Every structure is written in C-alpha cells, then in structure tokens.
Amino acid sequence: QVQLVESGGGLVQAGDSLRLSCAASGRTFTFSSATMGWFRQAPGKEREFVAAINWSGGKISYADSVKGRFTISRDNAKNTVYLQMNSLKAEDTAVYYCAATTKGYKSSYYWYELDYWGQGTQVTVSS
C-alpha cells in the first residue's frame, strides 16, 4: 500500500508564497524510482496538472499557468516532494494533490494517468 500525505496548505493573500510537501511511504513503493506530480482541483473544475518531476529531478515540467512562479523539487533521502508556490494569485485557489506513477516521466499528465494519490491540501488565496 502506498501513502502520500500532503501538508503546507493554508490561507494566504495574493502575492504571498507557500510551500507544499508530500511525504511518501509504502513497503512496495520505491520513491526514488517514481515520477512525482502535483495536481489541483478548484470547485466545479476538473483536476488539472500543475507540475511533474522525474526520479532524479533531472526532468521537470510545469503547466503554463504556473510556469515561472511554482517550483517542484524532491528529496529522495526523505521520500518527499515539494511544491514551492510564489506570487500566488486568487486563481491558484484549489485543493492541491500529490500523485505518483511508476510508469515513467512525461511532460504533462491527465489525472487518470497517475497511480497513487494523496488526500489533498487546501490552498486559498485571497485577493
């Protein structure tokens, strides 16, 4: 069984920063081999891709809407992936989900292409 546990969400003002963390665990899950991703879902909208990072951190991609403001990173020694979010906007308000796949890295994903999911953490940006 794989567990992904997100933390770091909260209520902030436009222009502020937040850092989300996702801790992974599981007896059959090798974090250091997995591609990790962040998605988000706003009320009434489909879950959308935010960022992905391959097993080594050498390949990274972002949705156009967050490029230049968000940074994804990982620490394989801690089985943790991060999402640094700067210059937050009201339209970034959503539940943010951590996800993982062992099927290899792609530059963009649909939500159904990921194998494992966290429970989500709420990010609310007030304007």
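The structure presented is a predicted model; accordingly, all values stated were derived computationally and were not measured.
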Subject >> Distance-minimising heavy-atom pair for A94 and A42 >> reply: CB-N, 3.8 Å
Subject >> Closest non-hydrogen atom pair, F31 against N76 >> reply: CE2-OD1, 3.1 Å
**OP:** For the residue pair M85 and Y96, establish whether any side-chain heavy-atom pair is separated by less than 4.5 Å.
**Re:** yes
Original post:
Say you draw a straight line from CD1 of I60 to CE of M36; how long is it, rounded to the nearest 0.5 Å?
Top reply: 13.0 Å
**OP:** Would you check if the side chain of Y62 reaches a backbone N or O of I72 as a donor-acceptor pair within less than 3.5 Å?
**Re:** yes
**OP:** Report the C-alpha distance between S65 and R40 in whole Å, list the side-chain angles of each, state the deciding distance to 0.1 Å, and finish with yes or no for side-chain contact (heavy atoms from CB on, under 4.5 Å).
**Re:** CA-CA 12 Å; S65 58; R40 66 186 182 187; 3.4 Å; yes
**OP:** Give, for atom CD of E46 and atom CD of E48, the distance between the pair rounded to the nearest 0.5 Å.
**Re:** 9.5 Å
**OP:** For the pair N54 (side chain) and K59 (backbone), establish whether a donor and an acceptor sit closer than 3.5 Å, ignoring hydrogens and angles.
**Re:** yes
**OP:** Kindly give the heavy-atom pair with the smallest separation between S127 and A90, and that separation in Å.
**Re:** CB-CB, 4.2 Å
Subject >> hydrophobic_cluster_shared for V95 and Y109, side chain cutoff 4.5 Å >> reply: yes
**OP:** Determine which pairs satisfy disulfide bond (SG atoms under 2.5 Å apart) with at least one residue from residues 70-127, sequence neighbours left out, and list them in order.
**Re:** C22-C98
Subject >> V66-V123 co-clustered via ILVMFWY side chain contacts under 4.5 Å >> reply: yes
Original post:
Would W111 and Q41 count as a side-chain contact (heavy atoms from CB on, under 4.5 Å) if you check the C-alpha gap in whole Å, the side-chain angles of each, and the deciding distance to 0.1 Å?
Top reply: CA-CA 10 Å; W111 64 267; Q41 188 166 20; over 6 Å; no
Original post:
Do L114 and V81 share a hydrophobic cluster, counting only Ile, Leu, Val, Met, Phe, Trp and Tyr and linking them when any side-chain heavy atoms are less than 4.5 Å apart?
Top reply: no
For residues 7-19, please give each side-chain donor-acceptor pair under 3.5 Å, one per line with the distance, not counting sequence neighbours.
unit_1: D16; atom_1: OD2; unit_2: Q13; atom_2: N; d: 3.1
unit_1: S17; atom_1: OG; unit_2: N86; atom_2: OD1; d: 2.9

**OP:** Group every Ile, Leu, Val, Met, Phe, Trp and Tyr by side-chain heavy-atom contacts under 4.5 Å, then state whether V5 and L83 land in the same group.
**Re:** no
Original post:
So, for A100 and L4, which heavy atoms are closest and what is the spacing to 0.1 Å?
Top reply: N-CD1, 4.0 Å
Original post:
Would you call K89 and D92 a salt bridge, using N to O less than 4.0 angstrom?
Top reply: no
Original post:
Could you give all pairs that pass the side chain to side chain donor-acceptor pair (under 3.5 Å) test and reach residues 23-39, with sequence neighbours left out?
Top reply: none
Original post:
Checking R47 against Y112: charged group under 6.0 Å from the ring centre and within 45 degrees of the axis?
Top reply: no
Subject >> side-chain contact (heavy atoms from CB on, under 4.5 Å) partners of S73, counting only residues at least two apart >> reply: Y82
Original post:
Does NZ belonging to K45 count more than 12 external heavy atoms closer than 6.0 Å?
Top reply: no
Original post:
Would Y97 and L20 satisfy side-chain contact (heavy atoms from CB on, under 4.5 Å), going step by step from the backbone distance to the final call?
Top reply: CA-CA 10 Å; Y97 296 91; L20 305 183; over 6 Å; no
Subject >> For T93, all residues meeting side-chain hydrogen bond (donor to acceptor under 3.5 Å, both in side chains), sequence neighbours excluded >> reply: none
Subject >> side chain to side chain donor-acceptor pair (under 3.5 Å) partners of residues 113-123, not counting sequence neighbours, each pair once >> reply: E6-Q119, T101-D115, K103-D115, K106-E113, Q122-T124
**OP:** Measure the acute angle between the ring planes of F49 and F39, then classify it against the limits of 30° and 60° as parallel, tilted or perpendicular.
**Re:** perpendicular
